Amino acid sequence: MLYKGLWHRLLAVLVVTAGCAVPMNGQEKQLSDISKHIDIYTSLLKELELNYVDTLNHERLMEFAIGRMLYSLDPYTVYIPEKEEEAVRTLRSGEYGGIGSIITQVEGKVCIYDPYEGMPAQKSDVRAGDVILEVDGVSAEGKSVAQVSEMLRGVPGTEITLKLRREGEKKPIVRKFTREVVQITPIPYYGTVAPGVGYIVFNDFIDKSFVEFKRAMDDLTKNYGVEKLIVDLRSNGGGLIDQAAKIASLFVPNGTEIASIRGKDKRSEHVYRTTDEPLYPDMPLAFIVGENTASSAEILSGAMQDLDRAAVFGTRTFGKGLVQSIRQLPHNGYLKVTTAKYYLPSGRCVQAVDYAQRQNAGRDYAIPDSLTDEFLSAKGRVFLNNSGITPDVECDEQMKVNIAYYMYAKNLYFQYANRYCLSHSHIATADSFALTEEEYADFVAFVKEKKFTYTLESERYLEDLRDLVEMEGLSGMAGEMFDSLSAVLQPDIDRDIMLFEDDVRSFLESEIVKRYYFQRGVCQYNTRRDRCLDKAVEYLGDEERWNAIFDVERQGEEETD
(Lines give C-alpha, C1' and ligand atoms only; values in the text may rest on other atoms or scores of the structure.)
Protein backbone atom coordinates (compact mmCIF):
# COMPACT_ATOMS: atom_id res chain seq x y z
CA MET A 1 0.00 0.00 0.00
CA LEU A 2 3.02 2.26 0.51
CA TYR A 3 3.77 2.25 -3.22
CA LYS A 4 0.12 2.84 -4.10
CA GLY A 5 -0.06 5.90 -1.80
CA LEU A 6 3.22 7.23 -3.19
CA TRP A 7 1.97 6.99 -6.77
CA HIS A 8 -1.31 8.67 -5.83
CA ARG A 9 0.49 11.59 -4.16
CA LEU A 10 2.80 11.96 -7.17
CA LEU A 11 -0.15 11.89 -9.56
CA ALA A 12 -2.02 14.46 -7.48
CA VAL A 13 0.90 16.84 -7.69
CA LEU A 14 1.12 16.36 -11.45
CA VAL A 15 -2.59 16.92 -11.97
CA VAL A 16 -2.70 20.04 -9.81
CA THR A 17 0.37 21.44 -11.54
CA ALA A 18 -1.01 20.77 -15.00
CA GLY A 19 -4.50 22.07 -14.23
CA CYS A 20 -7.76 20.12 -14.32
CA ALA A 21 -8.77 21.22 -17.81
CA VAL A 22 -5.43 20.41 -19.45
CA PRO A 23 -5.20 16.96 -21.11
CA MET A 24 -2.59 14.63 -19.65
CA ASN A 25 0.74 14.48 -21.45
CA GLY A 26 2.49 11.19 -22.23
CA GLN A 27 4.31 10.92 -18.93
CA GLU A 28 1.17 11.68 -16.90
CA LYS A 29 -0.80 9.09 -18.87
CA GLN A 30 1.91 6.51 -18.20
CA LEU A 31 1.86 7.27 -14.47
CA SER A 32 -1.92 7.04 -14.46
CA ASP A 33 -1.77 3.63 -16.16
CA ILE A 34 0.79 2.38 -13.65
CA SER A 35 -1.37 3.53 -10.74
CA LYS A 36 -4.41 1.81 -12.28
CA HIS A 37 -2.55 -1.50 -12.63
CA ILE A 38 -1.24 -1.30 -9.06
CA ASP A 39 -4.85 -0.74 -7.92
CA ILE A 40 -6.00 -3.81 -9.84
CA TYR A 41 -3.19 -5.98 -8.51
CA THR A 42 -3.58 -4.98 -4.85
CA SER A 43 -7.36 -5.33 -5.02
CA LEU A 44 -7.07 -8.75 -6.62
CA LEU A 45 -4.58 -9.93 -3.99
CA LYS A 46 -6.87 -8.64 -1.22
CA GLU A 47 -9.87 -10.47 -2.65
CA LEU A 48 -7.88 -13.69 -2.92
CA GLU A 49 -6.69 -13.38 0.66
CA LEU A 50 -10.25 -12.85 1.91
CA ASN A 51 -12.10 -15.34 -0.27
CA TYR A 52 -9.82 -18.04 -1.72
CA VAL A 53 -10.63 -21.44 -0.28
CA ASP A 54 -7.06 -22.36 0.74
CA THR A 55 -4.30 -20.48 2.53
CA LEU A 56 -2.21 -18.41 0.14
CA ASN A 57 1.58 -18.63 -0.14
CA HIS A 58 2.22 -14.94 -0.67
CA GLU A 59 5.93 -15.29 -1.41
CA ARG A 60 5.29 -17.90 -4.08
CA LEU A 61 2.50 -15.85 -5.66
CA MET A 62 4.65 -12.72 -5.73
CA GLU A 63 7.68 -14.46 -7.25
CA PHE A 64 5.48 -16.15 -9.85
CA ALA A 65 3.83 -12.86 -10.80
CA ILE A 66 7.17 -11.07 -11.03
CA GLY A 67 8.67 -13.93 -13.01
CA ARG A 68 5.88 -13.97 -15.60
CA MET A 69 6.00 -10.19 -15.94
CA LEU A 70 9.76 -10.13 -16.53
CA TYR A 71 9.65 -13.16 -18.83
CA SER A 72 7.55 -11.12 -21.25
CA LEU A 73 10.50 -8.72 -21.68
CA ASP A 74 13.69 -10.70 -22.32
CA PRO A 75 15.55 -13.67 -20.77
CA TYR A 76 18.12 -11.45 -19.04
CA THR A 77 15.81 -9.23 -16.98
CA VAL A 78 15.27 -11.21 -13.78
CA TYR A 79 14.34 -10.70 -10.14
CA ILE A 80 16.87 -11.95 -7.58
CA PRO A 81 15.25 -12.34 -4.13
CA GLU A 82 17.12 -11.90 -0.87
CA LYS A 83 17.66 -15.64 -0.48
CA GLU A 84 19.70 -15.63 -3.69
CA GLU A 85 21.76 -12.56 -2.81
CA GLU A 86 24.96 -14.60 -3.07
CA ALA A 87 24.23 -15.08 -6.77
CA VAL A 88 24.73 -11.32 -7.25
CA ARG A 89 28.21 -11.48 -5.75
CA THR A 90 29.04 -14.47 -7.94
CA LEU A 91 27.86 -12.60 -11.06
CA ARG A 92 30.12 -9.68 -10.29
CA SER A 93 33.23 -11.41 -8.96
CA GLY A 94 33.08 -14.99 -10.17
CA GLU A 95 33.56 -16.09 -6.55
CA TYR A 96 31.42 -17.90 -3.98
CA GLY A 97 31.89 -19.87 -0.77
CA GLY A 98 31.76 -23.62 -1.15
CA ILE A 99 33.62 -26.84 -1.90
CA GLY A 100 34.57 -26.10 -5.51
CA SER A 101 32.84 -28.73 -7.59
CA ILE A 102 30.09 -29.12 -10.15
CA ILE A 103 27.50 -31.68 -9.07
CA THR A 104 24.99 -33.59 -11.16
CA GLN A 105 22.29 -36.24 -10.89
CA VAL A 106 22.90 -39.74 -12.21
CA GLU A 107 20.30 -42.49 -11.89
CA GLY A 108 18.43 -40.49 -9.26
CA LYS A 109 21.50 -39.81 -7.08
CA VAL A 110 23.30 -36.47 -6.69
CA CYS A 111 27.02 -36.94 -7.18
CA ILE A 112 30.26 -35.07 -7.70
CA TYR A 113 30.71 -34.36 -11.40
CA ASP A 114 33.70 -32.07 -11.84
CA PRO A 115 35.85 -31.05 -8.84
CA TYR A 116 37.87 -27.91 -9.63
CA GLU A 117 41.60 -28.34 -9.51
CA GLY A 118 43.14 -26.81 -6.38
CA MET A 119 39.78 -26.24 -4.68
CA PRO A 120 38.66 -27.77 -1.32
CA ALA A 121 36.87 -30.84 -2.71
CA GLN A 122 39.77 -31.88 -4.95
CA LYS A 123 42.37 -31.21 -2.25
CA SER A 124 40.37 -33.38 0.17
CA ASP A 125 40.20 -36.33 -2.25
CA VAL A 126 36.56 -35.87 -3.18
CA ARG A 127 36.37 -37.43 -6.64
CA ALA A 128 34.16 -37.28 -9.70
CA GLY A 129 31.58 -40.04 -9.40
CA ASP A 130 31.29 -39.91 -5.61
CA VAL A 131 27.62 -40.10 -4.62
CA ILE A 132 26.68 -37.55 -1.95
CA LEU A 133 24.87 -39.37 0.87
CA GLU A 134 24.93 -36.67 3.56
CA VAL A 135 26.03 -33.06 4.02
CA ASP A 136 26.78 -32.16 7.64
CA GLY A 137 24.67 -35.09 8.79
CA VAL A 138 21.66 -34.13 6.65
CA SER A 139 20.62 -36.76 4.14
CA ALA A 140 20.80 -35.89 0.44
CA GLU A 141 18.43 -38.72 -0.44
CA GLY A 142 15.60 -37.53 -2.69
CA LYS A 143 16.96 -33.99 -2.96
CA SER A 144 17.51 -32.12 -6.22
CA VAL A 145 20.83 -30.85 -7.51
CA ALA A 146 19.79 -27.30 -6.57
CA GLN A 147 18.92 -28.33 -3.02
CA VAL A 148 22.21 -30.18 -2.48
CA SER A 149 24.12 -27.29 -4.03
CA GLU A 150 22.58 -24.96 -1.45
CA MET A 151 23.68 -27.35 1.30
CA LEU A 152 27.25 -27.38 0.00
CA ARG A 153 27.63 -23.62 -0.18
CA GLY A 154 28.42 -21.56 2.87
CA VAL A 155 30.62 -18.95 4.46
CA PRO A 156 34.30 -19.42 3.58
CA GLY A 157 36.19 -20.79 6.58
CA THR A 158 33.32 -22.93 7.89
CA GLU A 159 33.73 -26.69 8.13
CA ILE A 160 31.73 -29.16 6.08
CA THR A 161 31.44 -32.92 6.42
CA LEU A 162 30.45 -35.09 3.45
CA LYS A 163 29.45 -38.74 3.57
CA LEU A 164 30.09 -40.26 0.15
CA ARG A 165 29.62 -43.57 -1.61
CA ARG A 166 32.44 -44.41 -4.00
CA GLU A 167 32.39 -47.14 -6.62
CA GLY A 168 34.67 -49.98 -5.57
CA GLU A 169 34.41 -49.14 -1.84
CA LYS A 170 32.20 -51.24 0.43
CA LYS A 171 31.73 -48.63 3.16
CA PRO A 172 30.82 -44.95 2.87
CA ILE A 173 33.68 -42.46 2.86
CA VAL A 174 33.68 -39.41 5.14
CA ARG A 175 35.53 -36.24 4.18
CA LYS A 176 35.75 -33.29 6.56
CA PHE A 177 37.31 -30.06 5.32
CA THR A 178 36.86 -26.28 5.18
CA ARG A 179 34.87 -24.27 2.67
CA GLU A 180 36.85 -21.68 0.77
CA VAL A 181 36.21 -18.79 -1.59
CA VAL A 182 35.73 -20.67 -4.85
CA GLN A 183 37.19 -18.74 -7.73
CA ILE A 184 35.89 -19.34 -11.24
CA THR A 185 38.89 -19.60 -13.54
CA PRO A 186 38.40 -17.44 -16.64
CA ILE A 187 41.33 -19.14 -18.39
CA PRO A 188 41.36 -22.91 -17.76
CA TYR A 189 44.20 -23.52 -20.23
CA TYR A 190 46.85 -21.82 -22.33
CA GLY A 191 49.84 -23.14 -24.21
CA THR A 192 51.28 -23.44 -27.70
CA VAL A 193 49.68 -25.24 -30.65
CA ALA A 194 52.46 -24.69 -33.19
CA PRO A 195 55.94 -23.14 -33.10
CA GLY A 196 55.48 -19.53 -32.06
CA VAL A 197 51.66 -19.80 -31.95
CA GLY A 198 49.98 -19.35 -28.57
CA TYR A 199 46.53 -20.58 -27.64
CA ILE A 200 44.34 -19.26 -24.81
CA VAL A 201 41.01 -20.82 -23.80
CA PHE A 202 39.08 -17.86 -22.40
CA ASN A 203 35.72 -18.65 -20.77
CA ASP A 204 34.53 -15.73 -18.61
CA PHE A 205 34.62 -11.95 -18.30
CA ILE A 206 34.79 -11.46 -14.53
CA ASP A 207 36.61 -8.84 -12.52
CA LYS A 208 39.97 -10.62 -12.72
CA SER A 209 39.84 -11.64 -16.39
CA PHE A 210 42.25 -8.96 -17.63
CA VAL A 211 44.80 -9.80 -14.95
CA GLU A 212 44.63 -13.52 -15.80
CA PHE A 213 44.77 -12.85 -19.54
CA LYS A 214 47.80 -10.57 -19.23
CA ARG A 215 49.53 -13.12 -16.99
CA ALA A 216 48.99 -15.80 -19.63
CA MET A 217 50.31 -13.47 -22.35
CA ASP A 218 53.41 -12.62 -20.30
CA ASP A 219 54.17 -16.32 -19.82
CA LEU A 220 53.53 -17.25 -23.45
CA THR A 221 55.70 -14.49 -24.89
CA LYS A 222 58.55 -14.64 -22.39
CA ASN A 223 58.83 -18.39 -21.80
CA TYR A 224 57.36 -19.98 -24.94
CA GLY A 225 58.47 -17.56 -27.64
CA VAL A 226 54.91 -16.87 -28.82
CA GLU A 227 54.66 -14.36 -31.68
CA LYS A 228 51.09 -15.13 -32.87
CA LEU A 229 47.98 -15.74 -30.79
CA ILE A 230 44.69 -17.65 -30.99
CA VAL A 231 42.00 -16.86 -28.40
CA ASP A 232 39.20 -19.42 -28.02
CA LEU A 233 35.87 -17.80 -27.05
CA ARG A 234 33.54 -20.66 -27.96
CA SER A 235 32.47 -21.27 -24.35
CA ASN A 236 32.49 -17.61 -23.34
CA GLY A 237 29.02 -16.26 -22.59
CA GLY A 238 30.26 -12.79 -21.69
CA GLY A 239 30.31 -10.72 -18.51
CA LEU A 240 31.93 -7.41 -17.63
CA ILE A 241 32.39 -5.11 -20.64
CA ASP A 242 35.23 -3.15 -19.05
CA GLN A 243 37.32 -6.33 -19.00
CA ALA A 244 36.84 -6.67 -22.78
CA ALA A 245 38.12 -3.10 -23.24
CA LYS A 246 41.13 -3.77 -21.01
CA ILE A 247 42.08 -6.92 -22.92
CA ALA A 248 41.66 -5.07 -26.23
CA SER A 249 44.12 -2.45 -24.92
CA LEU A 250 46.87 -5.06 -25.21
CA PHE A 251 46.50 -5.04 -29.00
CA VAL A 252 45.20 -1.66 -30.23
CA PRO A 253 46.27 1.98 -29.67
CA ASN A 254 45.38 3.92 -26.54
CA GLY A 255 42.02 5.69 -26.85
CA THR A 256 40.55 3.26 -29.40
CA GLU A 257 36.79 2.84 -29.13
CA ILE A 258 35.83 -0.77 -28.38
CA ALA A 259 32.10 -0.43 -27.76
CA SER A 260 29.40 2.08 -26.87
CA ILE A 261 26.18 1.50 -24.99
CA ARG A 262 22.92 3.40 -25.51
CA GLY A 263 19.62 3.09 -23.69
CA LYS A 264 16.44 4.92 -22.75
CA ASP A 265 18.20 6.79 -19.96
CA LYS A 266 20.87 9.09 -21.38
CA ARG A 267 22.82 8.64 -18.16
CA SER A 268 23.41 5.00 -19.09
CA GLU A 269 25.21 5.93 -22.30
CA HIS A 270 28.91 5.25 -22.25
CA VAL A 271 31.81 4.71 -24.64
CA TYR A 272 34.41 2.10 -23.74
CA ARG A 273 37.90 2.95 -24.95
CA THR A 274 41.32 1.48 -24.38
CA THR A 275 43.29 3.35 -21.74
CA ASP A 276 46.86 2.07 -22.15
CA GLU A 277 49.47 1.76 -24.84
CA PRO A 278 49.37 -1.73 -26.40
CA LEU A 279 51.99 -4.30 -25.45
CA TYR A 280 51.41 -6.36 -28.60
CA PRO A 281 50.41 -3.86 -31.32
CA ASP A 282 51.59 -5.98 -34.25
CA MET A 283 50.99 -9.54 -33.03
CA PRO A 284 48.81 -11.50 -35.50
CA LEU A 285 45.61 -12.27 -33.61
CA ALA A 286 42.82 -14.79 -34.23
CA PHE A 287 39.61 -15.46 -32.35
CA ILE A 288 37.63 -18.69 -32.49
CA VAL A 289 33.90 -18.21 -31.84
CA GLY A 290 30.75 -20.32 -31.89
CA GLU A 291 27.06 -20.35 -31.13
CA ASN A 292 27.71 -20.00 -27.38
CA THR A 293 29.93 -16.93 -27.77
CA ALA A 294 27.91 -14.00 -26.45
CA SER A 295 27.85 -10.51 -24.97
CA SER A 296 31.32 -9.25 -23.96
CA ALA A 297 32.93 -12.08 -25.93
CA GLU A 298 31.14 -10.74 -29.02
CA ILE A 299 32.29 -7.23 -28.14
CA LEU A 300 35.95 -8.27 -27.95
CA SER A 301 35.99 -10.39 -31.11
CA GLY A 302 33.62 -8.07 -33.01
CA ALA A 303 35.55 -4.92 -32.11
CA MET A 304 38.83 -6.48 -33.22
CA GLN A 305 37.10 -7.55 -36.44
CA ASP A 306 35.70 -4.04 -37.02
CA LEU A 307 39.15 -2.56 -36.48
CA ASP A 308 40.68 -5.12 -38.87
CA ARG A 309 43.00 -6.04 -36.01
CA ALA A 310 42.07 -9.74 -35.78
CA ALA A 311 40.60 -12.51 -37.89
CA VAL A 312 37.58 -14.46 -36.60
CA PHE A 313 37.17 -18.21 -37.18
CA GLY A 314 34.32 -20.58 -36.37
CA THR A 315 30.54 -20.23 -36.65
CA ARG A 316 28.13 -17.33 -36.17
CA THR A 317 27.88 -16.23 -32.55
CA PHE A 318 24.83 -16.11 -30.29
CA GLY A 319 23.92 -12.48 -30.95
CA LYS A 320 23.46 -10.88 -27.51
CA GLY A 321 23.74 -7.13 -27.83
CA LEU A 322 21.90 -6.26 -24.63
CA VAL A 323 23.47 -4.72 -21.54
CA GLN A 324 22.29 -5.50 -18.00
CA SER A 325 22.80 -3.66 -14.74
CA ILE A 326 21.91 -4.78 -11.22
CA ARG A 327 19.57 -2.52 -9.23
CA GLN A 328 18.95 -2.77 -5.49
CA LEU A 329 15.31 -3.35 -4.47
CA PRO A 330 13.56 -3.11 -1.09
CA HIS A 331 13.96 -6.01 1.34
CA ASN A 332 17.43 -6.92 0.00
CA GLY A 333 16.24 -8.04 -3.39
CA TYR A 334 17.78 -7.16 -6.75
CA LEU A 335 16.63 -6.57 -10.29
CA LYS A 336 19.02 -7.55 -13.06
CA VAL A 337 17.57 -5.41 -15.83
CA THR A 338 18.37 -4.80 -19.48
CA THR A 339 19.15 -1.10 -19.68
CA ALA A 340 20.82 -0.61 -23.05
CA LYS A 341 22.21 -2.10 -26.24
CA TYR A 342 25.86 -2.09 -27.13
CA TYR A 343 27.33 -1.10 -30.46
CA LEU A 344 30.67 -2.01 -31.99
CA PRO A 345 33.13 0.54 -33.45
CA SER A 346 31.56 0.26 -36.92
CA GLY A 347 28.17 1.16 -35.43
CA ARG A 348 26.63 -2.29 -35.76
CA CYS A 349 24.70 -4.02 -32.97
CA VAL A 350 24.96 -7.80 -32.75
CA GLN A 351 21.55 -8.36 -31.11
CA ALA A 352 19.95 -11.14 -33.15
CA VAL A 353 16.52 -11.46 -31.50
CA ASP A 354 13.83 -8.82 -31.18
CA TYR A 355 12.45 -9.50 -27.71
CA ALA A 356 9.81 -6.80 -28.12
CA GLN A 357 7.84 -9.53 -29.89
CA ARG A 358 7.39 -11.23 -26.52
CA GLN A 359 5.27 -8.31 -25.43
CA ASN A 360 3.34 -8.04 -28.70
CA ALA A 361 3.06 -11.60 -29.95
CA GLY A 362 4.21 -13.72 -27.02
CA ARG A 363 7.18 -15.13 -28.92
CA ASP A 364 10.75 -14.31 -29.83
CA TYR A 365 11.52 -13.01 -33.28
CA ALA A 366 14.87 -13.65 -34.94
CA ILE A 367 15.80 -10.74 -37.17
CA PRO A 368 16.41 -12.06 -40.71
CA ASP A 369 19.53 -11.03 -42.63
CA SER A 370 17.29 -9.38 -45.24
CA LEU A 371 16.26 -6.76 -42.66
CA THR A 372 19.74 -5.96 -41.42
CA ASP A 373 21.94 -3.02 -42.38
CA GLU A 374 25.51 -3.01 -43.62
CA PHE A 375 28.41 -1.49 -41.70
CA LEU A 376 32.05 -1.06 -42.69
CA SER A 377 35.24 -2.09 -40.93
CA ALA A 378 38.25 0.23 -40.71
CA LYS A 379 39.43 -1.02 -44.12
CA GLY A 380 35.97 -1.07 -45.67
CA ARG A 381 34.95 -4.69 -45.21
CA VAL A 382 31.17 -5.13 -44.99
CA PHE A 383 29.44 -6.58 -41.90
CA LEU A 384 25.76 -6.91 -40.98
CA ASN A 385 24.14 -5.79 -37.75
CA ASN A 386 21.53 -7.74 -35.74
CA SER A 387 23.17 -11.03 -36.61
CA GLY A 388 25.86 -11.83 -34.07
CA ILE A 389 29.46 -12.00 -35.23
CA THR A 390 29.90 -13.72 -38.59
CA PRO A 391 33.37 -15.31 -38.85
CA ASP A 392 35.84 -14.27 -41.52
CA VAL A 393 36.59 -17.97 -42.02
CA GLU A 394 33.80 -20.39 -41.26
CA CYS A 395 34.60 -23.86 -39.96
CA ASP A 396 31.64 -25.94 -38.90
CA GLU A 397 32.53 -27.77 -35.70
CA GLN A 398 29.04 -29.02 -34.92
CA MET A 399 29.05 -32.70 -34.06
CA LYS A 400 26.32 -34.82 -35.57
CA VAL A 401 23.64 -36.00 -33.16
CA ASN A 402 24.46 -39.69 -33.34
CA ILE A 403 24.87 -42.52 -30.83
CA ALA A 404 27.80 -40.68 -29.20
CA TYR A 405 25.49 -37.85 -28.13
CA TYR A 406 22.79 -40.17 -26.82
CA MET A 407 25.30 -42.04 -24.66
CA TYR A 408 26.50 -38.70 -23.29
CA ALA A 409 22.92 -37.77 -22.40
CA LYS A 410 22.59 -41.04 -20.46
CA ASN A 411 25.85 -40.36 -18.52
CA LEU A 412 27.50 -43.52 -19.84
CA TYR A 413 30.91 -41.89 -20.34
CA PHE A 414 30.76 -40.48 -16.83
CA GLN A 415 29.88 -43.85 -15.30
CA TYR A 416 32.50 -45.76 -17.28
CA ALA A 417 35.19 -43.24 -16.28
CA ASN A 418 34.33 -43.96 -12.64
CA ARG A 419 35.04 -47.64 -13.24
CA TYR A 420 38.11 -46.99 -15.39
CA CYS A 421 39.81 -44.94 -12.66
CA LEU A 422 39.55 -47.81 -10.18
CA SER A 423 42.02 -49.88 -12.18
CA HIS A 424 44.27 -47.09 -13.51
CA SER A 425 46.25 -45.07 -10.99
CA HIS A 426 47.60 -42.88 -13.78
CA ILE A 427 47.33 -42.37 -17.55
CA ALA A 428 49.43 -40.82 -20.31
CA THR A 429 49.58 -37.04 -20.61
CA ALA A 430 46.47 -35.24 -21.83
CA ASP A 431 48.01 -34.43 -25.21
CA SER A 432 48.78 -38.12 -25.92
CA PHE A 433 46.22 -40.24 -24.05
CA ALA A 434 44.18 -42.68 -26.12
CA LEU A 435 42.19 -45.80 -25.29
CA THR A 436 43.54 -49.08 -26.59
CA GLU A 437 41.37 -51.29 -28.78
CA GLU A 438 40.88 -53.62 -25.82
CA GLU A 439 39.76 -50.74 -23.61
CA TYR A 440 37.33 -49.50 -26.23
CA ALA A 441 35.90 -53.02 -26.52
CA ASP A 442 35.49 -53.03 -22.74
CA PHE A 443 33.48 -49.82 -22.99
CA VAL A 444 31.25 -51.39 -25.65
CA ALA A 445 30.63 -54.30 -23.28
CA PHE A 446 29.83 -51.81 -20.50
CA VAL A 447 27.25 -50.08 -22.70
CA LYS A 448 25.53 -53.41 -23.38
CA GLU A 449 25.70 -54.30 -19.69
CA LYS A 450 23.77 -51.09 -18.97
CA LYS A 451 21.11 -52.19 -21.51
CA PHE A 452 21.47 -48.87 -23.30
CA THR A 453 18.82 -48.04 -25.89
CA TYR A 454 17.95 -44.87 -27.74
CA THR A 455 15.54 -43.47 -30.28
CA LEU A 456 16.69 -41.15 -33.03
CA GLU A 457 15.05 -37.73 -33.14
CA SER A 458 14.52 -38.29 -36.86
CA GLU A 459 12.45 -41.39 -36.08
CA ARG A 460 10.23 -39.36 -33.73
CA TYR A 461 9.71 -36.74 -36.42
CA LEU A 462 8.97 -39.49 -38.93
CA GLU A 463 6.19 -40.86 -36.74
CA ASP A 464 4.70 -37.39 -36.41
CA LEU A 465 4.83 -36.98 -40.17
CA ARG A 466 3.24 -40.40 -40.65
CA ASP A 467 0.32 -39.35 -38.40
CA LEU A 468 -0.08 -36.11 -40.33
CA VAL A 469 -0.07 -37.90 -43.69
CA GLU A 470 -2.65 -40.39 -42.40
CA MET A 471 -4.84 -37.51 -41.18
CA GLU A 472 -4.71 -36.03 -44.67
CA GLY A 473 -5.73 -39.35 -46.21
CA LEU A 474 -2.46 -39.95 -48.09
CA SER A 475 -1.12 -42.92 -46.10
CA GLY A 476 -2.08 -45.36 -48.86
CA MET A 477 0.36 -43.77 -51.29
CA ALA A 478 3.15 -43.03 -48.81
CA GLY A 479 2.94 -46.05 -46.51
CA GLU A 480 5.68 -48.10 -48.17
CA MET A 481 8.06 -45.15 -48.25
CA PHE A 482 7.52 -44.56 -44.56
CA ASP A 483 8.16 -48.23 -43.80
CA SER A 484 11.39 -48.22 -45.80
CA LEU A 485 12.68 -45.05 -44.13
CA SER A 486 11.66 -46.29 -40.68
CA ALA A 487 13.76 -49.43 -41.22
CA VAL A 488 16.81 -47.29 -42.00
CA LEU A 489 16.30 -45.18 -38.88
CA GLN A 490 16.13 -48.11 -36.46
CA PRO A 491 19.19 -47.84 -34.15
CA ASP A 492 21.73 -50.64 -34.30
CA ILE A 493 24.04 -50.26 -31.31
CA ASP A 494 26.69 -52.72 -32.53
CA ARG A 495 26.83 -50.96 -35.89
CA ASP A 496 26.58 -47.37 -34.68
CA ILE A 497 29.10 -47.61 -31.85
CA MET A 498 31.70 -48.66 -34.42
CA LEU A 499 30.46 -46.40 -37.23
CA PHE A 500 30.80 -43.32 -35.00
CA GLU A 501 33.82 -44.54 -33.05
CA ASP A 502 35.73 -41.26 -33.47
CA ASP A 503 32.94 -39.26 -31.84
CA VAL A 504 32.46 -41.83 -29.08
CA ARG A 505 36.19 -41.88 -28.34
CA SER A 506 36.30 -38.10 -28.19
CA PHE A 507 33.60 -37.99 -25.51
CA LEU A 508 34.97 -40.94 -23.54
CA GLU A 509 38.65 -40.06 -23.63
CA SER A 510 38.03 -36.45 -22.61
CA GLU A 511 35.90 -37.65 -19.67
CA ILE A 512 38.70 -39.94 -18.52
CA VAL A 513 41.35 -37.23 -19.02
CA LYS A 514 39.28 -34.90 -16.82
CA ARG A 515 39.63 -37.31 -13.88
CA TYR A 516 43.42 -37.00 -13.92
CA TYR A 517 44.12 -33.55 -15.37
CA PHE A 518 40.87 -31.64 -14.73
CA GLN A 519 39.58 -28.95 -17.10
CA ARG A 520 43.10 -27.95 -18.00
CA GLY A 521 43.70 -31.44 -19.34
CA VAL A 522 40.39 -31.57 -21.23
CA CYS A 523 41.28 -28.35 -23.05
CA GLN A 524 44.69 -29.74 -23.94
CA TYR A 525 43.17 -33.04 -25.12
CA ASN A 526 40.65 -31.20 -27.30
CA THR A 527 43.39 -29.39 -29.24
CA ARG A 528 44.24 -32.69 -30.91
CA ARG A 529 41.05 -32.90 -32.98
CA ASP A 530 39.82 -29.34 -33.30
CA ARG A 531 39.11 -28.37 -36.91
CA CYS A 532 38.64 -24.67 -36.17
CA LEU A 533 41.89 -24.49 -34.22
CA ASP A 534 43.72 -26.29 -37.02
CA LYS A 535 42.24 -23.87 -39.54
CA ALA A 536 43.40 -20.83 -37.54
CA VAL A 537 46.90 -22.31 -37.25
CA GLU A 538 46.96 -22.90 -41.02
CA TYR A 539 46.06 -19.28 -41.79
CA LEU A 540 48.54 -17.87 -39.29
CA GLY A 541 51.24 -19.93 -40.97
CA ASP A 542 50.41 -18.68 -44.47
CA GLU A 543 50.98 -14.93 -44.82
CA GLU A 544 49.18 -14.66 -48.15
CA ARG A 545 46.01 -16.36 -46.91
CA TRP A 546 46.15 -14.36 -43.70
CA ASN A 547 46.42 -11.02 -45.49
CA ALA A 548 43.63 -12.02 -47.88
CA ILE A 549 41.19 -12.06 -44.94
CA PHE A 550 41.53 -8.29 -44.60
CA ASP A 551 41.46 -7.60 -48.36
CA VAL A 552 38.20 -5.75 -49.07
CA GLU A 553 38.07 -6.90 -52.69
CA ARG A 554 38.39 -10.55 -51.68
CA GLN A 555 35.88 -10.49 -48.80
CA GLY A 556 33.71 -13.57 -48.88
CA GLU A 557 36.18 -15.63 -50.91
CA GLU A 558 37.81 -17.30 -47.90
CA GLU A 559 37.41 -21.05 -47.90
CA THR A 560 35.19 -22.92 -45.48
CA ASP A 561 35.13 -26.53 -44.40
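Computed from a predicted structure; not experimentally measured. Quick note: residue numbers are just sequence positions, from 1.
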* Only one of Thr77, Asp74, Thr338 clears side chain to side chain donor-acceptor pair (under 3.5 Å) with Gln324; which? -> Thr338
* To do: Verify whether one side chain among Asp219 and Asn223 offers a donor that lies under 3.5 Å from an acceptor in the other.
  => yes
* Asked: With distance as the sole criterion, is a donor-acceptor pair present between the side chains of Asp392 and Tyr539 under 3.5 Å?
  -> no
* **Any donor-acceptor N or O pair under 3.5 Å, side chains Asp442, Tyr416** => yes
* Measure up the Phe433 and Tyr420 rings against each other and bin them: parallel (under 30°), tilted (30 to 60°), perpendicular (over 60°). => perpendicular
* **Donor on one side chain, acceptor on other, Glu509 and Tyr525, under 3.5 Å** => yes
* Aromatic ring proximity Tyr413/Phe443, centre distance under 6.0 Å -> yes
* To do: Answer yes or no: does atom CD of Glu543 have more than 12 heavy-atom neighbours from other residues, nucleotides or ligands under 6.0 Å?
  => no
* After noting the C-alpha distance and the side-chain angles of Glu437 and Arg505, does the key distance pass the salt bridge (charged side-chain N to carboxylate O under 4.0 Å, His left out) rule? -> CA-CA 11 Å; Glu437 292 299 326; Arg505 278 183 174 271; 3.5 Å; yes
* Asked: Would you find more than 12 non-hydrogen atoms of other residues, nucleotides or ligands less than 6.0 Å from Tyr408 atom OH?
  -> no
* Asked: Do Arg515 and Asn418 have side-chain N/O donor and acceptor atoms under 3.5 Å apart?
  -> yes
* Any luck finding a side-chain donor-acceptor pair between Glu159 and Thr178 under 3.5 Å? -> no
